[in-house]
Amino acid sequence: MEYLNAVEAELKSVSPGMEGTLWSRTPGNKFDTIGDDPASWILQVPDCWGWTPSKGVPIGAEKPGIKKLLGRLRHNLAQASRTVDITGFGPPDMIGSPAGPFPDGDFIDAMLDGIKEAVGRHEEGDDRLIVRFMTGVVGVDRTADPWVFRDALIKRLGTLARQVDLRVCSMTTRGVSSYNHTKFVIVDGQSVIHGGINWMTNYYIEEGPLFSRGFGDTAPVTDLDIALRGPAALSAGKFLDMLWEWARTHAGWVKSGWIKNRKQYPAWIAVEKPSPPAEGWSLYVEDEEDDSAPYTPGDLQVISVGSLGYGILDRDKDSTYERPYAEREDQAASYLNNETNLDSSFMTVNPDANAIRALVAHAKTSIVLSQQDINGFTGLPLMHALFDVRLLDVLAKKMMDGVKVRIVISNPGSPDYSNISSVDVAYKSLYQRVRLKTTYDAQAHRLLRHNLQLAPLRVSDEQTWPGGYKYRLHSKVVCVDETAFYVGSRNVYPDTTQDHGFIIQNAAAAALLVEHFLDKQWLYSRNAAICDWEW
């Protein structure tokens, strides 16, 4: 378990006081497969690799990856006996918006189908099923009304609503730049679906309203989640308890219940009085008097690691961590903003970036990144840093050691799923960091040509989706040596949201991830590569 050991050592150095809440390493997990398909824990969308104009792209929920994902959502949620946690992120619900702040369309249909089946099995006298929905919203959003969403859920649940304890929250922790960005479905603290997929039908499944920018039928977003069972799900739930506790203490406007008003409104929560009580917000507190055997369905070790963004906790008080030296940190600054590269305190409560760097630093032969971008959004209003200086430095060092690096990103250009105007921006960022370690320009370019593959996404031999729409990539996957990998909601570019992910070392599983997703992605994307060491 050398890769996990390296990541764990980094986490203990950066965030020792956050072990057990913000991050943890757990044994006893398994990949959540269904039937005899060993790769069924990989939930990729739309899974339309190699489409052609003659056969077209399946419409709506008939896309193979979407059909599989919706089926898995129903299946997992139908197993719930105690608790359900669903989290997401959404834009303001206004004219022209491709989505709203809460799960919609086929996604919420599948979720409610599963919840109804679970509740339908409850017998009279059973405790109510606790169902929590949390969405992250930008600070200016006043459309994310949790009471409207809660009331809609109650209406759709019908008489079954009496057996469900619904808790709905929309939250932001700093202005327009820090909010929940996780995409969880956790059942009973035992099973978890998580990754990059937003619950937005208009991006992944169906066409949206007039003037929207979704194109879920003709230009579905490429993305990926994974499904796990075991203590890793409980670890993820403990992370969510931290977010819910923050929301409880910072709720600013409540129509029912007992929560104190605030002058600012960083969190809105809809609950039914008197549920939950003041002490009832944490769902994943382990009972010390419970002598039953812990749920350990397998032997897989998983590191669960999250981030708190800004506004929840300033620093891990038990940490003495200070960021390591990095030459020319100013190369990544935008509008004088470079906080994610300079703020050591931020790193102690956002250790997932350190964990990913530690994973990459341990690579011996290969590194594969499937990402929306490696460059941050430097424009208004976010003005994030241009790149993670230390991550690009690790990639530069690895390439100097002969490690092969492959990076696939979303197709550049506003206003699609990209932070940059051209793939050349990503290449230049890598070149700048490599150049610091070489004696002349040509040497840096030669090093990249011999060790880097860099391309925008393609999913077939066609250069665009039908209708000329660009391919968009939203996955957050890092795989090293075809042995260990990260999947979650954390982008590798500078960001300040609340995120989470899993780091797993398992060669057989990594091989499936490579076969079913990463190699298929490169098979077509290499046709658009601007750098390929195999040329």
Side-chain angles (χ1 to χ4, degrees), residues 3 42 44 49-50 195-196 222-224 356-357 359-375 387-388 391-412 417-418 420 422-431 433-434 444-461 471-488 490-493 501 503-505 507 509-535:
Y3 298 86
I42 300 173
Q44 60 165 307
W49 304 108
T222 297
D223 214 334
L224 183 136
I356 291 172
R357 290 197 296 265
L359 175 65
V360 171
H362 209 66
K364 300 176 180 63
T365 58
S366 66
I367 300 165
V368 178
L369 277 65
S370 174
Q371 297 283 324
Q372 180 177 341
D373 273 301
I374 63 170
N375 294 98
F387 51 79
D388 181 333
L391 175 63
L392 266 58
D393 282 354
V394 171
L395 292 173
K397 182 180 185 305
K398 287 290 143 180
M399 286 188 281
M400 293 183 74
D401 293 340
V403 175
K404 302 301 185 184
V405 174
R406 178 195 299 171
I407 302 173
V408 178
I409 59 175
S410 196
N411 280 262
Y417 269 52
S418 178
I420 56 178
S422 167
V423 183
D424 293 338
V425 176
Y427 180 88
K428 180 181 178 181
S429 298
L430 288 162
Y431 166 79
R433 303 312 293 178
V434 170
H445 286 299
R446 184 164 59 248
L447 179 69
L448 290 170
R449 286 199 307 273
H450 290 172
N451 296 283
L452 176 66
Q453 294 175 321
L454 175 61
L457 175 69
R458 298 288 184 270
V459 303
S460 81
D461 290 330
Y471 297 111
R472 295 175 292 179
L473 181 62
H474 194 250
S475 57
K476 293 91 171 63
V477 179
V478 178
C479 184
V480 303
D481 298 342
E482 298 191 6
T483 301
F485 55 91
Y486 169 94
V487 175
R490 163 61 61 195
N491 294 297
V492 298
Y493 61 75
I503 297 177
I504 300 168
Q505 179 179 340
L512 291 172
L513 183 62
V514 169
E515 175 188 356
H516 290 272
F517 185 68
L518 296 176
D519 273 358
K520 287 183 179 180
Q521 185 178 93
W522 183 246
L523 174 66
Y524 300 107
S525 299
R526 70 184 310 168
N527 294 329
I530 67 168
C531 191
D532 184 353
W533 52 263
E534 290 186 311
W535 285 343

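All of these numbers come straight from a predicted model, not from anything done at the bench.
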Polar side-chain atom of [X] near backbone of [Y] as donor-acceptor pair, under 3.5 Å:
X	Y	answer
K398	A361	yes
K404	H450	yes
S525	V408	no
S475	V477	no

Would you call D519 and R406 a salt bridge, using N to O less than 4.0 angstrom?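 Yes, this pair counts.
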Check: Between D393 and K397, does at least one N-O distance fall below 4.0 Å, as a salt bridge requires?
Finding: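 No.
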Mutual orientation of the aromatic rings belonging to H445 and Y427 [parallel < 30°, tilted 30-60°, perpendicular > 60°] =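 Parallel, since the angle between the ring planes stays under 30°.
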*What orientation do Y524 and W49 show, parallel under 30°, tilted 30 to 60°, or perpendicular over 60°?*
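Aromatic pair Y524/W49 classed parallel.
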Does any part of the side chain of [Y], heavy atoms only, come nearer than 4.5 Å to the side chain of [X], both counted from C-beta?
X	Y	answer
Q371	V478	yes
R526	W535	no
V459	K520	no
S460	Y471	yes
T222	F517	yes

Check whether more than 12 heavy atoms from other residues, nucleotides or ligands sit under 6.0 Å from atom NZ of K428, and answer yes or no.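 No.
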